[in-house]
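Everything on this sheet refers to the single structure shown next.
Please read these numbers as outputs of a predicted model, since none were measured by experiment. Chain letters run A, B, ... following the sequence lines, proteins first, then strands; residues in each count from 1.
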Number of protein chains: 4
Amino acid sequence: MARKKKNFNDLGLGTKEDMGGYRAINKDGSFNVKKINVPFFERLNFFHSLITMSWPQFFGLILLGYFIINLVFASAYSIIGVENLTGFKTTTTLEGFIEAFFFSAQTITTLGYGRVAPISNLANTVAAVESMLGLLGFALATGLLYGRFSRPSTMIQYSATAVIAPYQDINGFMFRVVNPQNNHLLELEVQLNLAMKRENSELRDFYVLELERDKVAFMPYMWTIVHPISNSSPLFELKEGQLLEKDAEFIVSMKAFDESTSQSVYSRSSYKASEIKWGAKFEYTVTQEKNGIVIDVGKIDITEKAALND
Amino acid sequence: MARKKKNFNDLGLGTKEDMGGYRAINKDGSFNVKKINVPFFERLNFFHSLITMSWPQFFGLILLGYFIINLVFASAYSIIGVENLTGFKTTTTLEGFIEAFFFSAQTITTLGYGRVAPISNLANTVAAVESMLGLLGFALATGLLYGRFSRPSTMIQYSATAVIAPYQDINGFMFRVVNPQNNHLLELEVQLNLAMKRENSELRDFYVLELERDKVAFMPYMWTIVHPISNSSPLFELKEGQLLEKDAEFIVSMKAFDESTSQSVYSRSSYKASEIKWGAKFEYTVTQEKNGIVIDVGKIDITEKAALND
Amino acid sequence: MARKKKNFNDLGLGTKEDMGGYRAINKDGSFNVKKINVPFFERLNFFHSLITMSWPQFFGLILLGYFIINLVFASAYSIIGVENLTGFKTTTTLEGFIEAFFFSAQTITTLGYGRVAPISNLANTVAAVESMLGLLGFALATGLLYGRFSRPSTMIQYSATAVIAPYQDINGFMFRVVNPQNNHLLELEVQLNLAMKRENSELRDFYVLELERDKVAFMPYMWTIVHPISNSSPLFELKEGQLLEKDAEFIVSMKAFDESTSQSVYSRSSYKASEIKWGAKFEYTVTQEKNGIVIDVGKIDITEKAALND
Amino acid sequence: MARKKKNFNDLGLGTKEDMGGYRAINKDGSFNVKKINVPFFERLNFFHSLITMSWPQFFGLILLGYFIINLVFASAYSIIGVENLTGFKTTTTLEGFIEAFFFSAQTITTLGYGRVAPISNLANTVAAVESMLGLLGFALATGLLYGRFSRPSTMIQYSATAVIAPYQDINGFMFRVVNPQNNHLLELEVQLNLAMKRENSELRDFYVLELERDKVAFMPYMWTIVHPISNSSPLFELKEGQLLEKDAEFIVSMKAFDESTSQSVYSRSSYKASEIKWGAKFEYTVTQEKNGIVIDVGKIDITEKAALND
């Protein structure tokens, strides 16, 4: 019967589509996909773009918009004639345009010094419209700034490499994650999928890898996620060369609740066969001090040699 | 025992109510329902209306409101007498009203050039109230703009038609969906229900159709959703004419998590019997390029002939 | 083992605490509970109060705050001396105070006509602080207005009475609900609990009542919620008088996803024994028109006689 | 198979890491963890800091920022020369700087009295940039204020001590919680874990303790949470001294839905062995009045002696 289980073990990545030799999922969680011929209207998701662009781009865009809109209104005031504005001290057309530009800036920000002020009905109308547009524009900026700041930014940090390390009396595939920030992540879930080329085929197979622990209530420390290579694991008895040959990719999906923003956050990353160290284990990063535990986040990638079990 | 399962297979659509010959669910996910005699107070869900109206309507309403409120305050200043304002350059009543209108605009936007300014207590009081109202009004506009922008807009695009296509050694009912935008949809769930007229009856029956895959973790590509017409399917051995006769409607409900807004998003659509192509299959839309996969969204509706299995 | 099931059948209402003869849950979903000796700091949940107070209270509070803060700053300007402000046209102290009041209003709204302006350092400092406080205050108002508007307001409307009506070949306890607004509610869940006095005891017992349907995907129409009085029901063979004697209360809890705000919404109500009509059924409220279905919301409470099954 | 169960019984706290003698979880729900060598970029989670700092810190920071930015712009106007501003009444450099400071304040708040106004292109440019920065800055403040206010603040209050009290014919570990505020918490879940030192070892063991009730739909009253010490409990036949010796810590995790903000809220606390009263029970805090129930929140910590069962 449909919809019984709530697990999302099926990644939704095609068995055929990911065979170009590139990663299914990039290190930063994005996909190597480009969409073409998108209907024009659906491409216009301004909010998403304005929320996700970088800060320099965002402020650059605001400054540019401010400059352009003042150019437009300065032109409007010039066209209807600068004699419609009192307080002008200029004689040439260019100087008039520049003064109209600054008057526009004083109007759109609702600054309104009043040294220059509109006196005709036409100029008054333009100024009334401009000041209202200004308020709406900054209303928009307020919303965007809030939207940008309140976006949950997991920034879960993954170890640069995974390791094949001894685990109890067998071996395990391991990587580690840490939340370097001070917000609390709660109810963490992790899922590990493996994609490998099918032998003599153009297709890839996807496997769900069982984990030692796939759910924890909190993650105050660094968390080493372990897939035990038992005899039910698709990695059982595979050698390093075989993983490379099969173009193996380990796809990590994490989910958590971010207490500081009260939102669910997701994070993805992946390890290709070439990013796995065989016969290595992660170094311990915890020291105990008088008032509590110290986690050395900088050591997340440090490994040391470790003899594997047979 | 109640509340054990969390599935929503029961659509909540009546077996009798949907028999007028119209769709249970429109292509855009809305319902063909009108509510009358709604208590006055409950009809006043301003926020919902202001959030969901179109952008031209929204800005039109703001401009209209701005115009009207300035008319009101211009009247107020005219009634208490324009001699309460300094800086007026007018002689006639009409000109006075117009200048009061622009003074009102400068006040409500808190522009305040000061060329015209209130000098009596009465005029000062009106201006003090107006400027505060202005700030509240634009506070409201800020909230509404943010509310409009941050509303999740799934815009999942559905193929215009569904197909009955060969699937393994049987046939399947198939349609496809794509997220044309660049935000990531995660943890997608899809449910497919079928409504058909009961024979010799005024009632409709609803069926849950089993799907090849009803949950995927990501949807970076186009997703073809397949209901295999096995012998347990209500479509088993039904012919094209019978579907039309039974006024069949396939109701699609999708749910996902939109990573860009951190919100759950829902999408609905439907296929009537007349929107199904028999003996057709969807064309492949993926090409592999050097840096990744290219999805041709424009091809979502393209099908080609395909011989059905018996 | 704990935490396996996700149902909330246990209402968390005491078996002893609800025995004062009042309702466990009021018609509007609130509880008859007063908390005393709450630590001072924890009572100060300003945001919750400002978000949930009525609109007249909210605007009244803003106006009052605006008036008081201007009184405070007018006093400040008067104390440092009105000769620190240019443009004053007044001679008496009272007139000076009034003009300072209006100057304060022009400053806190950042209107700044400039007819009156500070000229000394002290007056400039006060004005600089006041204008910043004004901006912060209206920033706060913006947030509060948005918070008020974006609060999900289910407003699920319940029928004023429940009925005991014939249901198939037995009887059923029924009431109905409708969403009178135009937003779509999705994934609705309903839970019905019954509280009854234990015989010869000061305690109440709580029962979970099984429902014909306790989950629906949509609710575009009016929904009649039915508890079939089968022989496993605690209502089985109970008579009207017994329900009254046992001070029975039917407690309804609903949960849904509001598509317009992308939030989960909850609703509660209850029916006391005296609010149940025996041998009545709800009148049909649907008419079919050319373009769809019409729901007569005004008829939600209309019942007609119906002979009960034995 | 992975991801079947949705419980978070595994706290994610190490068996080794919590052995320094400090609490695993502090009374206020925080952890005794410090992270060092965090990459610079990831430490810069401004939003989280600005949202979670105290109100005096927050307003102090805003005032300081306002002062500094005005200093910066006053310097800018001084450097380009105060003769670029009309209306100055000053002769000395210091007086000019001060007047430039106040002009800057009038510009950044978009107050713009106009008594002082820029007349050269350079001064006009600086003022145009400043006023736009001002609007952006207050847009930011608006978002931050809203973010601060709308953050769910559970403030679930825990009894200062837990008790070992008689429960039915055995004993139980009990503590109580109350929501002192007027918002409704719905669908409450509680989890109780116990951490105890393993004998002759440097490791700690974690246990999930079964609860009498671990889920309630509402919590209008004070809720006493009970772990019955049956023979399957890890506390079975343990004595007070043993708990102290094993450095026992009872870790409470609560989760609820806050109806006033429509958000999930979490709360954590813990009881160390020394914070448990043996042979005590909580005093009753409910009184029945004419219009409903009265909860005496101030009595949450009051216990009385009670003879334990064997």
| query | For chain C, which of D:Ala217, D:Ala105, D:Ser232 has the most heavy-atom pairs under 4.5 Å? | reply | D:Ala217
| field | Ring centre gap for C:Phe103 and D:Tyr113 strictly below 6.0 Å | value | yes
| task | Pick one of side chain, backbone, both or neither for D:Phe59, based on which atoms fall under 4.5 Å of a heavy atom in chain C. | result | side chain
| query | Under a 4.5 Å heavy-atom cut-off, does chain C meet the side chain of D:Asn182, its backbone, both or neither? | reply | both
| said: Can you tell me which of C:Pro118, C:Gly134, C:Gly147 forms the most heavy-atom pairs within a distance under 4.5 Å of chain D? | reply: C:Pro118
| Regarding D:Asp301 and D:Ser159, is there a side-chain donor-to-acceptor distance under 3.5 Å anywhere? | no
| Can you say whether D:Leu144 sits under 4.5 Å from chain C via the side chain, the backbone, both, or neither, judging by heavy atoms? | neither
| Proximity breakdown for C:Leu111 and chain D, heavy-atom pairs closer than 4.5 Å | backbone
| query | Is the shortest side-chain N to carboxylate O distance from C:Lys197 to C:Glu249 below 4.0 Å? | reply | no
| query | What option among D:Phe101, D:Trp223, D:Phe102, D:Phe257 has the most heavy-atom pairs under 4.5 Å with chain C? | reply | D:Phe102
| query | Relative to chain D, which segment of C:Arg268 carries a heavy atom at a distance below 4.5 Å: side chain, backbone, both, or neither? | reply | side chain
| request: Determine whether the aromatic ring centres of D:His184 and C:Phe31 lie less than 6.0 Å apart. | output: yes
| said: Using a 6.0 Å cut-off, check whether atom NZ of D:Lys27 has over 12 heavy atoms from anything other than its own residue. | reply: yes
| Is it true that the side chains of C:Tyr266 and C:Glu189 contain a donor and an acceptor less than 3.5 Å apart? | no
| request: Could you look at C:Ile119 and say if it's the side chain, the backbone, both or neither that has a heavy atom under 4.5 Å from chain D? | output: both
| message | Can you tell me which portion of C:Thr52 sits under 4.5 Å from chain D's heavy atoms? Options are side chain, backbone, both or neither. | response | neither
| task | Give the ring-plane orientation class for D:Tyr66 versus D:Phe138, where under 30° counts as parallel, over 60° as perpendicular and anything between as tilted. | result | perpendicular
| field | Ion pair D:Asp296/C:Lys35, N-O distance below 4.0 Å | value | no
| request: Under 4.5 Å heavy-atom distance to chain D, tell me which part of C:Thr125 shows up: side chain, backbone, both or neither. | output: both
